[in-house]
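Take a look at the structure below.
Since the structure is predicted, the reported quantities are computational estimates derived from the model, not experimental observations.
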Amino acid sequence: RSSKLIHGGLRYLQRFEFGLVREALSERNLLITRIAPHLINRLDFLYPLRSLGERFYAGIGIALYDLMAVRGGSSLPRHRHLSRKQVQNKAPGLAHDAHKGAIVYSDAYVDDARYVISVARTAAQLGASILTSTKVTGLISSEGRVCGALIKCLETGRELKVSCGTVVNATGVWSDDIENFVGQDSSRVRASKGIHLVIPRDRINLETGLILRTSESVLFVIPSGTHWVVGTTDTDWHFYTVTYDDSVGTLTHTKDNTTTWTETGLDLTNTSTPTTANFAPAMYLNIFSGCSTCLLYTSDAADEGLGVDLG
């Protein structure tokens, strides 16, 4: 239920969110060159152009994207402009009259499951205690300050009490649920719904990934093993409390025997898009980040907040 992209957020340049793009590109470059080169691979994207004006407009945006990446130490190649004939060689599946050439640029993708496990194992080697299949059922407070959490093992039903100097709330879309344990609701995040279509690889004849502009944002077509991942939508979620069951899939068979897996997942939309940290009134630290690419910035924000709290 993930695009698996490690990217700088090209689409955010259209919204003039330069700080977010700069932050994500810097993190992308570190992950590729130093932190996890064994888990991350280059992924080229084709951006079809519909007019000469779009070649100029998109070319400026992608050139700026590359420039910001180079200043952060990028090891990926710069973008290239392609003619209509060159596009047909790279993307035979695109209708010849549907474009007037294209631009190719590079980002990256990650084996996200191994990435998460590697982060957890590294933390454990540095002294952290890792608990899986557990749920926070409450927070412990003393003298107006949160100083621990009540945790329940979902496999055995055993309940634990964990005490600490500072509690860090880094629960993403569930941040409000954690804050409600102490009667507060001061987070700046909201739930958003994203949908991907998963299509067999042989149904689309492409050599690279594909990015298409829509009326509101962009649409990605991303290679993923024997399939293409197409998406994603990004709409606010205003309904019931989010649970694990809200990440669901639907299997659809079409008349031409194409099997499509439609994945619906809930994510975090941060109204202050760069990574941020702040202390709630009950003195626990909230961490917000717009994407998984910005792992180090999230960690740095937590370290800075803890440094302030612990003096």
Can you confirm whether I130 is buried at CD1, in the sense that more than 12 heavy atoms of other residues, nucleotides or ligands lie under 6.0 Å from that atom? yes

Checking side-chain contact (heavy atoms from CB on, under 4.5 Å) for the pair N169/V146: CA distance, chi angles, key distance, verdict? CA-CA 11 Å; N169 178 19; V146 173; over 6 Å; no

Restricting to pairs with a member in residues 30-43, which pass salt bridge (Lys or Arg N to Asp or Glu O under 4.0 Å), not counting sequence neighbours? R42-D44

Could you list the cluster mates of F56? Members are the ILVMFWY residues connected by side-chain heavy atoms closer than 4.5 Å, either directly or through other members. I60

Residue pairs meeting salt bridge (Lys or Arg N to Asp or Glu O under 4.0 Å), one or both in residues 86-111, sequence neighbours left out, come to R28-D107

Partner residues of F45 under the ring-ring contact (aromatic ring centres under 6.0 Å, His included) criterion, sequence neighbours left out: Y105, F220

How long is the gap from CD1 on I140 to CZ on R145, to the nearest 0.5 Å? 13.5 Å

Run the side-chain donor-acceptor check on residues 147-164: report pairs under 3.5 Å with partners two or more places apart or on a different chain.
from, atom 1, to, atom 2, distance (Å)
E155, OE2, S133, OG, 3.1
T156, OG1, R158, N, 3.2

R80: salt bridge (charged side-chain N to carboxylate O under 4.0 Å, His left out) partners, not counting sequence neighbours: none

Is it true that L30 and Y115 fall in one hydrophobic cluster, defined by side-chain heavy atoms closer than 4.5 Å? yes

Examine I199 and L206 and state if one hydrophobic cluster contains both, with Ile, Leu, Val, Met, Phe, Trp and Tyr joined whenever side-chain heavy atoms are less than 4.5 Å apart. yes

If you round to the nearest 0.5 Å, how far is CZ of R114 from CD1 of I40? 11.0 Å

Give me the atom names and distance for the closest heavy-atom approach of Y47 to E54. OH-OE2, 3.3 Å

Heavy-atom nearest pair, V229 first then S224, reads CG2-CB, 3.8 Å

Taking atom CZ of R78 as the centre, does the number of heavy atoms from other residues, nucleotides or ligands within less than 6.0 Å exceed 12? no

Can you tell me if R201 has over 12 outside heavy atoms packed within less than 6.0 Å of its CZ? yes

Among R50, Q88, R84, find the residue that satisfies the side-chain hydrogen bond (donor to acceptor under 3.5 Å, both in side chains) test when tested with H99. Q88

Cluster overlap L52 with L49, hydrophobic side-chain contacts below 4.5 Å: no

Measure the CG-CG distance between L82 and L46 for me, rounded to the nearest 0.5 Å. 6.5 Å

